[in-house]
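So that the names make sense, note that chain A is the first sequence line, chain B the second, and so on, each numbered from 1.
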Amino acid sequence: MHDIRAIRENPTAFDAALARRGNDPMSPTILAIDEERRAKITRAEAALAERNAASKLVGAAKASGDDAEFERLRALVSDKKTEVAALEEEAKGMDAKLNDLLMTIPNLPYDDAPMGADENDNVEMHKWGTPPVLDFEPVEHFDIKSVTRGMDFETAAKLSGSRFVILSGAIARTHRALAQFMLDVHTTENGLTEVNAPVLVRDETMLGTGQLPKFAEDSYQTTNGWWLIPTSEVTLTSIPAGTTMDDESLPKRFTAHSLCFRSEAGSAGRDTSGMLRQHQFEKVEMVSITKPEESDAELERMTKCAEGILERLNLAYRTVKLCTGDMGFGARRTYDIEVWLPGQNTYREISSCSTCGDFQSRRMNARFKRTGEKKPEFVHTLNGSGLAVGRCLIAVLENGQQADGSVNLPDVLHPYMGGKTKINADGSLG
RNA sequence: GGAGACGUGGCCGAGUGGUCGAAGGCGCUCCCCUGCUAAGGGAGUAAGCGGUUUGUAGCCGUUUCGAGGGUUCGAAUCCCUUCGUCUCCGCCA
């Protein structure tokens with residue numbers, strides 16, 4: 001949600017920032033509505049003030065027992081009433097119109113977000129690790145011999161359709177181990193608070209983080225109106241919605257392991273094989289709520305938390321800064337972390353860390369008050385994957401694959417695997 | 001799912017149609033007093049929006065007593081709807 005005052009004060013800057021994302025200028029439309037809205041409000045309030053003044057006199061007349069005067073004023077107020085109602089209706093209408101429009105406009109990228117149209121214009125920030133050197137031709141995760149029996153797409157399709165998978169045995173265990181490992185690192189070493197939150201939420205929650213109103217078709221909705229969260233960014237970020245926090249309580253740092261649901265509308269034909277892109281997947285999410293001046297540093301911190309997971313798993317990755325055209329609706333700056341997948345011989349996204357500034361906090365009215373100050377301010381919100389569990393499983397399997405079809409598991413996972421260190425070619429743990 | 005109760009300012013809690021943004025208390029801020037501490041005295045202490053303004057100061061107006069709608073000249077107070085919380089029953093992981 002954009003600050004209408006900011007747009008009013010500097011419409012040129014607003015449009016320029018939108019233009020960097022490839023959006024058409026909006027300020028003329030916005031300001032026209034805003035002007036009309038304010039005019040309506042002024043008129044409605046003037047009428048209200050008259051009515052209220054008369055109404056007070058009615059009370060006084062009644063109290064003093066002047067019945068004639070009481071009846072006269074009562075009629076006057078009654079007349080005013082219809083006028084006020086009409087004017088208020090108009091003012092409300094314009095207010096809603098402005099709000100509806102503002103809710104559909106994406107966040108403004110920071111100046112340092114590189115300008116560009118799509119992922120080809122993203123800027124690589126740094127790389128870590130080296131892709132494993134293999135003396136055989138690596139295959140994709142679903143073709144690794146030890147994986148095939150524990151990763152069943154056919155049966156999942158029978159139960160649910162395409163873009164679902166059934167994991168079993170050592171593969172399911174490794175998947176679970178990864179999530180546990182991530183949560184443990186985040187809670188014990190990164191200082192995040194573990195949270196377990198609903199995956200079904202109401203409209204206003206999805207509006208707050210920006211999934212609605214524009215992207216309804218990307219998410220699933222139950223018959224009674226709940227939405228299945230596409231990411232626990234939605235719930236974690238919404239925890240302080242509607243509240244005013246003390247500044248000592250910031251930053252708040254949350255992490256959660258949850259199911260995520262995405263319709264993947266519009267991605268037909270993309271990543272159709274394997275479990276890279278599913279309708280249902282698990283993710284360990286990180287969310288930070290900060291003061292405005294802390295959010296830049298927080299994004300770096302959060303990104304390092306995500307990178308740290310990959311480093312401990314000894315998985316090569318690169319971090320890219322998203323260009324303006326590739327950033328999400330609510331983001332002002334985004335770092336994507338891409339892990340090396342030998343089977344695809346390329347880096348693929350495994351985490352996305354964004355700062356949203358006060359865009360989401362305005363939508364959900366999440367504020368804080370500095371000690372000694374009287375005015376509350378909007379907090380900044382950040383979110384990042386730490387990491388996508390399913391994709392991390394893919395990376396572990398593909399990077400650990402051996403010539404005989406077995407998979408060597410990263411050292412840090414061994415304690416989570418009951419001390420086992422590899423998945424044998426026959427699919428058993430070894 | 002059935003029955004009932006409740007939802008007031010940062011918190012607690014009065015208030016059942018008239019001048020209530022709302023008593024009182026707590027907390028917080030400032031001042032006074034007290035040679036520390038404790039106690040005491042006084043004042044202040046919501047936010048949104050619109051207007052005015054050089055001004056995020058002040059002033060004026062307006063809205064807000066979970067939310068939305070209605071009755072009324074007038075609603076925190078009455079009615080309806082809705083969301084939420086709690087209690088009892090049922091069901092159930």
Side-chain angles (χ1 to χ4, degrees), chain A residues 1-10 30-100 102-103 196-208 222-227 235 238-250 259 291-293 358 361-379:
Chain A
M1 179 66 121
H2 293 285
D3 182 3
I4 183 62
R5 290 164 193 267
I7 301 174
R8 226 183 270 154
E9 271 171 33
N10 201 341
I30 295 169
L31 293 181
I33 296 172
D34 180 50
E35 203 167 313
E36 193 180 344
R37 165 183 157 268
R38 286 188 290 155
K40 302 264 192 220
I41 289 175
T42 303
R43 284 210 295 158
E45 291 194 344
L48 258 174
E50 288 181 46
R51 192 205 67 186
N52 289 346
S55 190
K56 280 201 173 185
L57 295 177
V58 176
K62 172 89 171 181
S64 69
D66 187 342
D67 286 348
E69 182 66 357
F70 173 72
E71 287 303 333
R72 192 185 71 79
L73 289 166
R74 175 184 165 141
L76 183 86
V77 173
S78 190
D79 287 349
K80 272 281 164 207
K81 206 179 130 181
T82 43
E83 181 192 343
V84 166
L87 290 171
E88 273 192 317
E89 188 69 25
E90 287 183 30
K92 268 191 183 175
M94 289 309 294
D95 201 51
K97 189 172 171 184
L98 178 64
N99 193 56
D100 289 350
L102 289 178
M103 287 293 273
N196 191 300
V199 297
L200 292 170
V201 299
R202 52 170 97 258
D203 289 354
E204 62 188 88
T205 311
M206 294 280 277
L207 281 162
T222 66
T223 51
N224 69 341
W226 281 325
W227 295 90
T235 40
S238 299
I239 287 173
T243 68
T244 303
M245 292 160 274
D246 298 328
D247 59 355
E248 313 93 76
S249 71
L250 300 177
L259 282 167
K291 298 182 211 175
E293 66 272 23
D358 61 5
S361 62
R362 282 179 183 282
R363 289 176 159 247
M364 64 179 67
N365 194 26
R367 300 178 296 174
F368 77 102
K369 200 183 276 189
R370 298 179 197 272
T371 6
E373 297 289 320
K374 48 276 150 205
K375 290 284 179 192
E377 301 169 51
F378 289 105
V379 295

Considering residues at least two apart in sequence or located in another chain, which fulfil the salt bridge (Lys or Arg N to Asp or Glu O under 4.0 Å) criterion with E377(A)? R370(A)

Given that P376(A) and K92(A) both sit by RNA chain B, which one's nearest nucleotide is further toward the 5' end? P376(A)

Roughly, in whole Å, what's the span from CG in N224(A) to C1' in U82(B)? 15 Å

Would you please name every residue forming a side chain to side chain donor-acceptor pair (under 3.5 Å) with D203(A), sequence neighbours left out? W227(A)

Provide the Watson-Crick or G-U wobble partner of G50(B), both distances under 3.5 Å; none if there is no partner. C60(B)

Figure out the CZ/C1' separation between R5(A) and G48(B), and round it to whole Å. 9 Å

Counterpart residues, salt bridge (Lys or Arg N to Asp or Glu O under 4.0 Å), relative to R37(A) (two or more places apart): D34(A), D95(A)

Whole angstrom is fine here: how far is it from CD1 in I4(A) over to P in C49(B)? 11 Å

Expressed in angstrom and rounded to an integer, what is the separation of E90(A) atom CD from G50(B) atom P? 17 Å

Hunt down the Watson-Crick or G-U wobble partner of C6(B), both distances under 3.5 Å, from any strand shown, or write none. G84(B)

A85(A): side-chain contact (heavy atoms from CB on, under 4.5 Å) partners, not counting sequence neighbours: none

Residues that I7(A) engages under side-chain contact (heavy atoms from CB on, under 4.5 Å), provided they are two or more places apart: H2(A), F14(A), S27(A), I30(A), L31(A), L102(A)

Rounded to whole Å, please give me the gap between NZ in K369(A) and P in A46(B). 9 Å

For U77(B), which nucleotide is its Watson-Crick or G-U wobble mate, given both distances must be under 3.5 Å? none

Given G50(B), G69(B), G48(B), which nucleotide is nearest the side-chain atoms of R37(A)? G50(B)

Are the side chain of T244(A) and the backbone N or O of R367(A) linked by a donor-acceptor pair below 3.5 Å? no

Under the side chain to side chain donor-acceptor pair (under 3.5 Å) rule, collect the residues that match up with N224(A), sequence neighbours excluded. T222(A)

R363(A) side-chain N/O to M103(A) backbone N/O, donor-acceptor pair under 3.5 Å: yes

Does R367(A) make a side-chain N or O approach to OP1 or OP2 of A47(B) shorter than 4.0 Å? no

Scan the side chains in residues 40-48 of chain A for donor-acceptor partners under 3.5 Å anywhere in the protein, sequence neighbours excluded, and list what turns up.
residue: K40(A); atom: NZ; partner: E90(A); partner atom: OE1; Å: 2.7
residue: T42(A); atom: OG1; partner: R38(A); partner atom: O; Å: 2.8

For C79(B) and U71(B), measure between their C1' atoms and round to the nearest Å. 7 Å

Once side chain to side chain donor-acceptor pair (under 3.5 Å) is applied, do any residues pair with D3(A), and if so which ones, sequence neighbours excluded? R362(A)

In Watson-Crick or G-U wobble terms, with both distances under 3.5 Å, the base opposite U34(B) is none

Across all strands shown, which nucleotide pairs with C91(B) by Watson-Crick or G-U wobble geometry, both distances under 3.5 Å? none

Polar atom pairs between nucleotides 51-56 of chain B and protein, under 3.5 Å, N or O only, would you list them?
residue: G51(B); atom: OP1; partner: R38(A); partner atom: NH1; Å: 3.2

Quick one: what's the B/S/- string for nucleotides 61-67 of chain B, heavy-atom cutoff under 4.0 Å, read 5' to 3'? BSS----

Between atom CG in L87(A) and atom P in G50(B), what is the gap in whole Å? 17 Å

Please name the nucleotide paired to G44(B) by Watson-Crick or G-U wobble geometry with both distances under 3.5 Å, or report none. C28(B)

Going by side chain to side chain donor-acceptor pair (under 3.5 Å), name the residues that satisfy it together with E83(A), two or more places apart in sequence or in a different chain. K80(A)

For C83(B) versus G27(B), give the span between their C1' atoms, rounded off to a whole number of Å. 30 Å

Roughly how many Å apart are U19(B) and U63(B), using the P atom of each and rounding to a whole number? 15 Å

Can you check the D247(A) CG to C28(B) P distance for me, whole Å? 16 Å

Using a 4.0 Å heavy-atom cut-off to protein, can you give one letter per nucleotide of nucleotides 6-13 of chain B, 5' to 3': B if the base is in contact, S if only the sugar-phosphate is, - if neither? --------

Can you name the nearest heavy-atom pair linking F378(A) to S361(A), along with the distance? CB-OG, 3.4 Å

Could you give the CG-to-P distance, from N99(A) to G48(B), as a whole number of Å? 16 Å

